[in-house]
Amino acid sequence: MIRLFVPGRLCLFGEHTDWAGHYRTMNADVLPGKAIVSGIEQGIYAEVERSTVFEVVSEAPELADVWKDFSCRMNEVELKNIAKSGSFFCYCAGVASYMLEWYKVGGVRIKITGMPLPIRSGLSSSAAICVLVARAFNLVYHLNLNTMGEMNIAYLGELRTSSRCGRLDQACAFGVKPTMMEFDGDEIEVKPITVRKPLHLVFADLCAAKDTIRILSDLNKAYPFANNEQEKRLQEMFGAYNHEVIQRATDYMASGNVEALGQLMDEVEQKFDEIVVPMSKALEAPKLHKVLADPNIRQWVYGGKGVGSHGDGSVQFLARDAECQQKLCDYLETQGMPGFKLTIKPVHTIRKAIIPVAGFGTRLYPATRSVKKDFFPIPCADGMVRPVILILLEELVKSGIEEICIVLGSEEERKQYEEFFETSLSEEHLAKLSTQHLEYEQRIAEIGKRLHYVYQYEKRGFGHAVYQAVDFVHNEPVLLLLGDTIYTSNRAKPCALQFIETYELFNQMMVSIHSIPLSQVSHYGILSGVWEDANETVLKVKTMCEKPKASYAEDHLGVKMEDGTTSYYSVFGQYILTPEVFDQLAEDIREADEQGDEREIELTSALEKVRQRSGMMGVRLDGKMYDMGNPEALRRAMMGFSMKK
């Protein structure tokens, strides 16, 4: 049984530009469409599993009065007929027919367990159910589709019905987060957007008449070629001006300028009234404008605008804060217009890191009798010789990390850290240092102020070591580095900073990855999946396998590349752990303790359990990793790390 949630979607800016951008296939002077779209908090909850037929059933209380369970054979003709029927389940059948035709799958049973997403209210409930069906087939039959693939199938499946959905509707496939979508002819590009401050949005159905078919018919007359000045201005509205709006909105969200974002909504609505509304009588919207100008509402909001195809369909507002958001919803309810909340939360940037160094370093015996491996000296490209731990700590500081937790094996080990980072050199020693080195002494002391220490008294595995930092983490996402691995970057940005910036876009548990030859897969944990981006840097992880045989990896774990080749990926040595990982480690430790089981608590198994529930991204960093866990690796690290970049 697989549990799924697919949200509805709200278009914040850029309505109509998805179909307008499609006209680039006929007129290259038409600019690509751009829109900012976000999944919302209301959606569809379901449980899915294999079945001999295609069936959709419900136990959702929200659907109790309208629902009748649906079942159909996996027969292409029958499914297509249902898709064209306009029935309640036509969207489900449309996607299922596409899956059967192109992927030759069997049946699926979808049980809807909850649906707070309202139907026919401009939140794309039809797109959500289409994405749900596409995702169900993808996961149940291991089709290895990425999110974009699921989105495209949902769109093509909905086209098999009488609906003529826009390309931005299926943005709900990307979850409850804002994304920028670009529509260039038949091509679509999706990019996550960074949010720095909470956006307290309210969406409401105006409960009035709207003629979407006529609106689209009237506006399409201006494409692909403008025949008069009015049509030319419409193309500019959906083209150059919209590009400017999307850029400004993206900048405001990234900088946390919420007030300016609300004012931009007002500006866009005014521009829409000036240029677009005269193109169609169906766009005249007296109720929308009355609501937007309501003084009771204006006291609680920074701005507002129409939604979707516009007209008297729906309205959205950006409230000043959570309290104003609730007051607005309550007020709209009294006016006969149910309001729905959408709070887009900021990404918690990574400000903490963990480095476990509690191991004995037995593979580097006998040197580790006197020097812990985290203090092994490494010649660096600038001519200095640094201990391993200092190289790691400098990478973290350059990447914006504020606090660092070192996981040690005992209080005794802490003495070496205190001597190195907190104890000044003797006056005699200082007198022999150059000016450059004296300045560096200050840097070492400043790094020492960021350090915290915890202890793993029992050697119960890597996951157990990481869990000792749970109080330090304090329910925040955290960067984890290995204590015997150092990195060089091929860019000005350190590898850790590349990793953190990718997390801020996707806001999901992550592991850094790098490619390895097929002949070496049996020595590593191997991750497989599908690329989420055109640059092949972010992998949606579908499978994790510890030290597989080469034959098994070749059959099951290869990652298909754009050029047609197959690559194999292992962990690069950096992780971003979400609070859910620490909850899972706590559960694993508690379960082992209750059973009296002395097995090691492994991080990999906890990551896999979290991945199955919430997903995981693998990020290919532009750099090189040096593992120093054995003599040969240490030799390569000392030679390679010292080379001038």
Side-chain angles (χ1 to χ4, degrees), residues 2-7 9 18 37-39 43 48 95 98-99 102-105 108 127-128 130-158 167-184 186-193 502-503 505-515 526-545 556-569 576 607-608 610-621:
I2 301 172
R3 291 182 174 84
L4 297 178
F5 169 72
V6 177
R9 72 101 185 101
D18 51 343
V37 190
S38 179
V48 302
V95 178
Y98 187 92
M99 281 293 189
W102 291 97
Y103 292 93
K104 310 304 179 187
V105 293
V108 163
C130 288
V131 169
L132 176 69
V133 174
R135 186 161 292 166
F137 277 104
N138 183 27
L139 295 178
V140 167
Y141 287 99
H142 309 290
L143 302 179
N144 218 27
L145 297 167
N146 65 6
T147 307
M148 183 69 80
E150 293 173 342
M151 185 186 81
N152 284 333
I153 288 172
Y155 172 71
L156 294 169
E158 187 166 352
R167 289 309 307 259
L168 61 76
D169 287 350
Q170 284 74 25
C172 55
F174 291 89
V176 185
K177 60 184 179 185
T179 57
M180 192 281 285
M181 302 182 72
E182 181 172 309
F183 311 97
D184 188 350
D186 293 325
E187 300 296 321
I188 297 179
E189 185 176 358
V190 179
K191 296 179 180 178
I193 292 176
T502 306
Y503 170 80
L505 292 176
F506 289 89
N507 196 21
Q508 193 170 20
M509 179 178 70
M510 290 184 164
V511 57
S512 61
I513 58 175
H514 65 147
S515 62
I526 303 300
L527 301 93
S528 182
V530 290
W531 297 111
E532 279 289 284
D533 64 328
N535 296 326
E536 297 182 332
T537 57
V538 181
L539 187 77
K540 185 175 183 179
V541 178
K542 297 287 188 181
T543 307
M544 299 176 66
C545 186
H556 302 287
L557 301 176
V559 177
K560 300 299 181 184
M561 310 298 288
E562 174 108 16
D563 61 6
T565 61
T566 299
S567 295
Y568 302 89
Y569 286 90
I576 290 179
L607 294 179
E608 174 61 11
V610 174
R611 184 199 66 78
Q612 291 177 7
R613 293 193 298 267
S614 306
M616 172 195 287
M617 296 294 187
V619 181
R620 196 154 59 116
L621 303 179

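Here the structure is a predicted model, which means the values were calculated and not measured.
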Is there a side-chain contact between Met617 and Val541 (heavy atoms, below 4.5 Å)?
-> no
Point-to-point distance, once rounded to the nearest 0.5 Å, from CG of Leu607 to CE of Met544 | 5.0 Å
State whether the number of non-hydrogen atoms from other residues, nucleotides or ligands found under 6.0 Å of Gln612 atom CD is greater than 12.
-> yes
Any sub-3.5 Å donor-acceptor pair from Glu189's side-chain atoms to Phe183's backbone N or O?
-> no
Got a donor-acceptor contact below 3.5 angstrom from the Asp563 side chain to the Thr565 backbone?
-> yes
Side chains of Glu158 and Gln170, donor plus acceptor under 3.5 Å | yes
Met561 and Ser567 have their tightest heavy-atom pair at CG-OG, 3.6 Å
Min side-chain heavy-atom separation Glu532-Thr147 under 4.5 Å = yes
Hey, are the side chains of Val95 and Ile153 touching, using non-hydrogen atoms and a 4.5 Å cut-off?
-> yes
Can you find a pair of side-chain heavy atoms, one from Leu145 and one from Val530, that are under 4.5 Å apart?
-> no
So, the side chain of Asp169 versus the backbone of Ala127: is there a donor-acceptor pair under 3.5 Å, distance only?
-> no
Relative to each other, are the rings of Trp531 and Tyr569 parallel, tilted or perpendicular (30° and 60° limits)?
-> perpendicular
Run the numbers on Met509 and Ile576 for side-chain contact (heavy atoms from CB on, under 4.5 Å), then give the verdict.
-> CA-CA 6 Å; Met509 179 178 70; Ile576 290 179; over 6 Å; no
For Leu527 and Val511, work out which heavy atoms get closest and say how close.
-> CD2-CG1, 3.6 Å
For Asn146 and Gly149, work out which heavy atoms get closest and say how close.
-> OD1-N, 2.8 Å
Are Ile513 and Val619 side-chain neighbours, meaning at least one heavy-atom pair lies under 4.5 Å?
-> no
Output yes when a side-chain donor or acceptor of Arg3 lies under 3.5 Å from a complementary backbone atom of Arg613, and no otherwise.
-> no
Looking at NZ of Lys191 and CG of Leu505, how far apart are the two atoms once the value is rounded to the nearest 0.5 Å?
-> 10.0 Å
Does Glu187 offer a backbone N or O that forms a donor-acceptor pair with the side chain of Asp184 under 3.5 Å?
-> no
Of all residues at least two apart in sequence or in a different chain, which pass the salt bridge (charged side-chain N to carboxylate O under 4.0 Å, His left out) check with Arg167?
-> none
Taking atom types as modelled, is there a side-chain donor on Ser614 or Gln508 under 3.5 Å from an acceptor on the other?
-> no
For the pair His514 and Arg620, evaluate side-chain contact (heavy atoms from CB on, under 4.5 Å) and give the outcome as yes or no after the intermediate values.
-> CA-CA 6 Å; His514 65 147; Arg620 196 154 59 116; 5.9 Å; no
Please report the C-alpha distance between Val133 and Val108 in whole Å, then the side-chain angles of each, then the deciding distance to 0.1 Å, and finally whether the side-chain contact (heavy atoms from CB on, under 4.5 Å) criterion is met.
-> CA-CA 9 Å; Val133 174; Val108 163; over 6 Å; no
Residue pair Leu139 / Lys542, side-chain heavy-atom distance below 4.5 Å | yes
Can you give the donor-acceptor pairs under 3.5 Å from side chains of residues 174-182 to other protein atoms, not counting sequence neighbours?
unit_1	atom_1	unit_2	atom_2	d
Thr179	OG1	Val37	O	3.4

Distance (rounded to the nearest 0.5 Å) between Asn138 CG and Asn144 CG | 7.5 Å
Taking all atoms of both residues into account, what is the closest heavy-atom pair of Pro7 and Cys172, and its distance?
-> O-CB, 2.9 Å
His142 NE2 to Thr543 OG1 distance, which is reported to the nearest 0.5 Å = 8.5 Å
Take Leu168 and Arg9 through the side-chain contact (heavy atoms from CB on, under 4.5 Å) test and state the conclusion after the steps.
-> CA-CA 9 Å; Leu168 61 76; Arg9 72 101 185 101; 3.4 Å; yes
